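Owing to the predicted nature of the structure, the values given are computational and were not obtained by experimental measurement. Counting starts at 1 for both ligands and their atoms, in listed order. Atom set for the values below is all heavy atoms of this structure, side chains included, hydrogens, waters and symmetry mates excluded.
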Amino acid sequence: MFILASQSPRRKELLKQIVPEFITIPAQINERETPFTKPADYVQTLARRKGEQVAAQNPTATVLSADTVVSFQETIYGKPQDRQDAAAVLRQLSGQTHQAYTGVWLTKDGQVQQTVVKTDVTFWSLSDQMIETYLDQNEYQDKAGAYGIQGAGNLLVEKINGDFYNVVGLPISTIARML
Ligand SMILES: Cc1cn([C@H]2C[C@H](O)[C@@H](COP(=O)(O)OP(=O)(O)OP(=O)(O)O)O2)c(=O)[nH]c1=O
């Protein structure tokens, strides 16, 4: 059995492109128990904690988990607390290049593989009006870094260097090579 240890609808949609049949079992962990460290270490630790928690309940299954953050100038941005927080994050990222990191953890046939994929994302310079218009669409609410590149958030993005799907939350070309 293949389990995606995630409640993210975006991760479920992306995984369908490479795995025909799987079930989803969200991990029940408190992400705040993991201290902020370097972004790559942070997402790797969280992906591992999510995967291990679900794998412990399903010891013979293949289990895939992931965690995505946005990082800019040593600050890690998870999901925004509220609209004000989201506005502050987007103002920080405006006109700058930040990184999206996704940690991936996979256990298959008793073997554990894990990796971290990084994508550079450059935002246009964003006016307050552009930020408010984007926030009005409420897309920011469950997204690390307060934007969804796969949605209207794409209008904030001048360019990326790296895997697009990694920003969304599942670097499927890398994962396909792990399977
Ligand atoms: C940057 C970015 C993040 N995201 C989303 C992907 C993830 O759902 C979310 C990052 O939060 P995560 O904590 O990685 O994932 P999650 O809580 O949504 O789901 P789970 O832990 O159960 O796997 O941000 C986008 O959808 N688009 C983007 O451009």
Side-chain angles (χ1 to χ4, degrees), residues 2-17 19 22-36 39-55 57-58 63-72 75-81 85-86 89-90 92-94 96-107 114-124 126 131 134-135 137-172 174-175:
F2 195 118
I3 301 173
L4 172 61
S6 174
Q7 57 79 30
S8 169
R10 286 142 319 248
R11 289 196 169 113
K12 184 173 179 179
E13 278 315 301
L14 288 178
L15 188 60
K16 284 178 185 170
Q17 293 188 33
V19 176
F22 62 91
I23 63 168
T24 58
I25 301 179
Q28 307 296 335
I29 64 157
N30 177 349
E31 300 197 5
R32 281 183 290 282
E33 285 167 1
T34 299
F36 279 158
D41 297 336
Y42 180 73
V43 292
Q44 188 70 86
T45 301
L46 271 179
R48 177 174 53 73
R49 288 185 59 210
K50 292 175 187 179
E52 285 179 345
Q53 200 254 346
V54 172
Q57 318 294 326
N58 303 271
V63 178
L64 174 71
S65 56
D67 190 73
T68 302
V69 296
V70 157
S71 169
F72 177 60
T75 300
I76 290 178
Y77 296 103
K79 297 173 206 148
Q81 303 293 321
D85 183 28
V89 173
L90 295 179
Q92 284 279 347
L93 301 181
S94 168
Q96 305 283 350
T97 297
H98 64 269
Q99 285 68 46
Y101 288 88
T102 295
V104 174
W105 186 91
L106 171 74
T107 182
Q114 54 187 5
T115 190
V116 178
V117 181
K118 180 188 77 160
T119 303
D120 294 320
V121 180
T122 303
F123 272 10
W124 298 109
L126 306 176
I131 289 173
Y134 179 64
L135 295 176
Q137 302 177 66
N138 287 322
E139 190 179 88
Y140 68 86
Q141 285 172 331
D142 59 347
K143 308 278 189 317
Y147 73 93
I149 195 169
Q150 70 276 22
N154 204 352
L155 298 180
L156 310 177
V157 176
E158 178 186 349
K159 60 185 176 184
I160 71 170
N161 179 18
D163 181 334
F164 171 85
Y165 291 120
N166 181 59
V167 184
V168 179
L170 209 64
I172 48 177
T174 296
I175 292 167

Determine whether a donor-acceptor pair (N or O, by modelled atom type, separation under 3.5 Å) exists between the side chain of [X] and the backbone of [Y].
{"X": "Glu139", "Y": "Gly153", "result": "yes"}
{"X": "Lys50", "Y": "Ile29", "result": "no"}
{"X": "Ser94", "Y": "Leu90", "result": "no"}
{"X": "Gln44", "Y": "Val104", "result": "yes"}

Enclosure of Tyr165 OH (heavy-atom neighbours >12, cutoff 6.0 Å): no

For Gln81, I'd like to know if atom CD has over 12 heavy atoms of other residues, nucleotides or ligands within 6.0 Å. no

For ligand 1, which atoms, with element, lie under 4.0 Å from some heavy atom of [X]?
{"X": "Ser8", "result": "8 (O), 18 (O), 19 (O)"}
{"X": "Glu31", "result": "13 (O), 21 (O)"}
{"X": "Gln150", "result": "25 (C), 26 (O), 27 (N), 28 (C), 29 (O)"}
{"X": "Gly148", "result": "27 (N), 28 (C), 29 (O)"}
{"X": "Asp67", "result": "12 (P), 13 (O), 14 (O)"}

Counting non-hydrogen protein atoms only, what is the nearest one to [atom]? Give residue, atom name and distance.
{"atom": "atom 2 (C) of ligand 1", "value": "Val167 O, 3.1 Å"}
{"atom": "atom 15 (O) of ligand 1", "value": "Arg11 NH1, 2.8 Å"}
{"atom": "atom 9 (C) of ligand 1", "value": "Asp142 O, 3.6 Å"}
{"atom": "atom 24 (O) of ligand 1", "value": "Ala144 N, 3.1 Å"}
{"atom": "atom 17 (O) of ligand 1", "value": "Lys79 NZ, 2.6 Å"}
{"atom": "atom 21 (O) of ligand 1", "value": "Lys50 NZ, 2.6 Å"}
{"atom": "atom 5 (C) of ligand 1", "value": "Val168 O, 3.7 Å"}

Out of Ile149, Leu156, Thr68, whose heavy atom sits nearest atom 14 (O) of ligand 1? Thr68

Given Thr119, which partner from the list Asn166, Thr68, Thr102 fulfils the side chain to side chain donor-acceptor pair (under 3.5 Å) test? Asn166

Which one holds for [X] and ligand 1: side chain close, backbone close, both close, or neither close, with close meaning a heavy atom under 4.0 Å?
{"X": "Ser6", "answer": "both"}
{"X": "Gln7", "answer": "both"}
{"X": "Thr102", "answer": "neither"}

For Ser8, what residues pass the side chain to side chain contact (heavy atoms under 4.5 Å, CB included) criterion, not counting sequence neighbours? Ser6, Arg10, Arg11

Taking salt bridge (Lys or Arg N to Asp or Glu O under 4.0 Å) as the definition, give me every residue that meets it alongside Lys143, ordered by chain and number, with sequence neighbours left out. none

Spacing of CG belonging to Leu106 relative to OG1 belonging to Thr174, to within rounding of 0.5 Å: 12.5 Å

